[in-house]
Structures are given as structure tokens and as C-alpha cells.
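Computed from a prediction, not measured in an experiment: that's the story for all the values here. Only this structure's heavy atoms are used, side chains among them; waters, hydrogens and symmetry mates stay out.
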Amino acid sequence: MIKHVNGKNDKKSVFLYTLSTCVWCKKTKQLLIDMEIKYDYIDVDLLVGADQDKVMKELSNVNPQGGFPTILINKVKTIVGFQPDAIREALL
């Protein structure tokens, strides 16, 4: 369900809600890899039934519009969409 990506920079907790087929989600993941950020993510579209419902409810708590990718930093800051400058600023 939740996947982990290792990185040298683990100063902040980073969690991504993504779709496996989303180009912007893939770009966000690659940006984090390039920045050497440690992060966890979940491909919501690969979940089924109650598991998907549960994760979508969690997502709606941090991003009511439900757009992808949604990045949650330190469980308080949310960035929606592929926004490289905002991501860099929040994580570096």
C-alpha cells in the first residue's frame, strides 16, 4: 500500500498522494528523488474498495478538492499539483 523512497534529506516528513498514471505525480516523485528527499507515497488509483475510500477520506482532510499529486509536509503543510518552486522552498 504505502511505498517508501530513501533519500539523504530526511529532515522533514514527506507524504505524497498520487495516481500511478499521472504525469504530474511522476514528475513530483522524480523531483523529490533529484532533491534526495526521503518520502512515502501511495498510488490511490491502485487501491480498491474500502482501502481506497479510507485513503480518499484522509486526502480530503488535507486537500478538499482531492487533486493529485498532493504533498503533505510534516503533517501540516500541503502542496497540490506539480509546483517545483514551492516544493523546493518547503523542503530545502
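Counting only residues at least two apart or on different chains, the salt bridge (charged side-chain N to carboxylate O under 4.0 Å, His left out) pairs with a member in residues 14-31 are Lys29-Asp43. Pairs passing the side-chain hydrogen bond (donor to acceptor under 3.5 Å, both in side chains) check and including a residue from residues 5-14, sequence neighbours excluded, read His4-Asn6. Pairs of residues two or more places apart, or lying in two chains, that qualify as side-chain hydrogen bond (donor to acceptor under 3.5 Å, both in side chains) and include a residue from residues 65-88 are Asn63-Thr70. Residue pairs meeting the salt bridge (charged side-chain N to carboxylate O under 4.0 Å, His left out) criterion with at least one partner in residues 46-69, sequence neighbours excluded, do not occur; the list is empty.
Here Val62 is tied into one hydrophobic group with Met1, Ile2, Phe15, Tyr17, Leu19, Ile42, Val44, Leu47, Val55, Met56, Leu59, Phe68, Leu72, each link being a pair of ILVMFWY side chains closer than 4.5 Å. With side-chain heavy atoms closer than 4.5 Å counting as contact, directly or through intermediates, the hydrophobic cluster containing Val5 also holds Val14, Leu16, Trp24, Leu31, Leu32, Ile33, Met35, Ile37, Tyr39, Tyr41, Ile71, Ile73, Ile79, Phe82, Ile87, Leu91, Leu92.
When all heavy atoms of Thr28 and Gly81 are compared, the pair lying nearest together is OG1-O, 4.5 Å.
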